[in-house]
Amino acid sequence: MSGLFGATSTTDEVLSGVDLKGKRVFVTGVSAGLGVETARVLAAHGAQVVGTARDLAKARVATEVVRAGAADGGGLEIVELDLASLASVRACADALVADGSPFDVIIANAGVMAAPFGHTADGFETQFGTNHLGHFVLVNRIAPLVKSGGRVVIVASSGHRMAPFSLDDLNFESKTYEPWAAYAQSKTANILFAVELDRRLGERGIRATALHPGGIQTELGRHLDPGMIEGMLAQINAALAAEGKSGFEWKTIPQGAATSVWAGFVATADAIGGKYCENCHVSHVTDAEISPISEGVRSYALDPETAKALWARSEEMVGERF
């Protein structure tokens, strides 16, 4: 079943015939883009979705489509969460733990990309603090709620390949800040987090995986200069043309969210555990020179020792042990 899907598969195609009635799913970032689409298709198949948003008013408007399409007992609850504030992360997690209702799947979807240099409320570089550390604390605090046989799906990016990963100077205190390098660092951290989380939760029958959703035009690109994007696409298309291939095409939002729901509900758990997925399948490891739109995950992003070291460093940074 899982081998039927690819880069152009949509969420509806991936979940065709899949009954999620009785499932409870936690999805971060449901105020726009992939988060809204993920919540929509899950609720349409009967799942109870708990979605997070920094701006609750914006999220309520954005998720009207989710409530309108909910079926077979599916629905959506929105809770407040600002991943750039550990106080907010802990308050959100504490409320969920106090409620005690279990989750079948966690989808860590929210994030920022190529942001100008800045810091979270706790003093961490914005992208690393939001994309990795916020989810690191949140997921670990609510992990006891995940049922045996459950899954944790972390939305990473092929952007992890834009720069090598180092545990040195994660806050860019001594090296020059470059938005894409910081983004790459945070996305590599997402993948490494999934690797170590999968190892730790495996004894409870819970699997964790990371994924690249594909190139999609969403609010995630709010910091990008349109001219720069056009220049990058021109270079990519020229290279593709030289190889006799057709030009690059953006994925639609339903295509972009497809790998998240595939990894959460369709793929074989043992196949995706501790792995990196894209285009609705497990990707291959390569350290060769490849184009920005080619498939492949760097070996440093799946290295178990680096994953353990990042976990320890993350605990030091947030002041918690998990």
Side-chain angles (χ1 to χ4, degrees), residues 11 15 18 20-56 59-60 62-63 66-67 70 73-83 85-86 88-111 130-156 190 193-194 197-198 200-201 204-211 213 257 259-267 269 272 322:
T11 50
L15 288 185
V18 177
L20 299 180
K21 187 175 180 63
K23 300 288 188 182
R24 191 163 182 260
V25 189
F26 185 75
V27 182
T28 63
V30 298
S31 60
L34 298 182
V36 172
E37 172 60 17
T38 301
R40 181 202 67 77
V41 76
L42 294 177
H45 283 259
Q48 282 288 333
V49 180
V50 177
T52 76
R54 186 176 61 245
D55 184 336
L56 294 180
R60 290 189 188 101
T63 55
V66 180
R67 288 181 288 276
L76 173 69
E77 174 190 356
I78 303 174
V79 297
E80 186 174 0
L81 171 68
D82 181 357
L83 286 165
S85 163
L86 292 184
S88 174
V89 170
R90 288 165 178 145
C92 177
D94 288 350
L96 292 168
V97 171
D99 175 70
S101 299
F103 289 108
D104 294 276
V105 175
I106 293 173
I107 301 178
N109 164 81
T130 304
N131 295 345
H132 171 59
L133 291 176
H135 277 123
F136 178 78
V137 173
L138 177 70
V139 171
N140 273 309
R141 279 184 165 235
I142 66 175
L145 297 176
V146 181
K147 296 178 182 177
S148 177
R151 304 183 190 188
V152 179
V153 177
I154 300 175
V155 178
N190 285 157
F193 177 36
L197 190 67
D198 183 73
R200 288 170 175 251
L201 296 182
R204 289 178 50 204
I206 299 167
R207 305 311 301 262
T209 191
L211 63 90
T259 303
S260 293
V261 297
W262 173 83
F265 301 96
V266 178
I272 63 166
F322 298 108

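No experiment lies behind these values; they were computed from the predicted model shown.
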_Side chain proximity check, Thr11 to Thr38, heavy atoms < 4.5 angstrom_ = no
*For Val25 and Ala47, work out which heavy atoms get closest and say how close.*
CG2-CB, 4.2 Å
*Donor-acceptor pair, side chain of Asn109 and main chain of Val27, under 3.5 angstrom*: no
*Is there a side-chain contact between Pro213 and Leu34 (heavy atoms, below 4.5 Å)?*
yes
*Please name the pair of heavy atoms, one in Leu138 and one in Leu81, separated by the smallest distance, quoted to 0.1 Å.*
CD2-CD2, 3.7 Å
*Can you see which heavy atom on Ala194 is nearest to which on Ala208, and at what distance?*
O-CB, 3.6 Å
*asked:* Tell me the closest heavy-atom pair linking Ala53 and Ile78, and the distance in Å.
replied: CB-CG2, 4.3 Å
_Any donor-acceptor pair under 3.5 Å from Arg141 side chain to Ala91 backbone_ = no
*asked:* Within the 4.5 Å heavy-atom criterion, are Val261 and His45 side-chain neighbours or not?
replied: no
*How about Leu20 and Leu15: do any of their side-chain heavy atoms sit closer than 4.5 Å?*
yes
*Do Trp262 and Leu211 come close enough that some side-chain heavy atom pair is under 4.5 Å?*
no
_Heavy-atom donor-acceptor pair, Arg204 side chain to Val146 backbone, under 3.5 Å_ = yes
*Please check if the side chain of Glu80 supplies one atom and the backbone of Ser88 the other of a donor-acceptor pair under 3.5 Å.*
no
*Heavy-atom check, side chain of Asn140 versus side chain of Phe193, under 4.5 Å*: yes
*asked:* Just verifying a value: how many Å separate Asp99 CG and Ile142 CD1, rounded to the nearest 0.5 Å?
replied: 11.5 Å
_From Phe322 atom CZ to Arg200 atom CZ, the distance as rounded to the nearest 0.5 Å_ = 10.0 Å
*Hey, does the side chain of Asp104 reach the backbone of Arg24 with a donor-acceptor pair shorter than 3.5 angstrom?*
yes
_Gap between atom CG of Leu83 and atom CG of Asn131 - 0.5 Å precision_ = 8.5 Å
*Looking only at heavy atoms, which two atoms of Asn190 and Ala156 are closest? And how far apart?*
CB-CB, 3.9 Å
*asked:* Looking at Ile272, is its backbone amide N or carbonyl O close enough to the side chain of Thr209 to form a donor-acceptor pair, meaning the two atoms are under 3.5 Å apart?
replied: yes
*How far apart are the closest heavy atoms of Thr52 and Thr28, and which atoms are they?*
OG1-CA, 3.1 Å
*State the CG-CD distance between Leu42 and Glu37, to the nearest 0.5 angstrom.*
9.0 Å
*Quick one: pull up CD1 in Ile107 and CD1 in Ile154 and give me the separation to the nearest 0.5 Å.*
11.5 Å
*Interatomic spacing from CZ in Phe26 to CG in Leu96 - rounded to 0.5 Å*: 5.5 Å
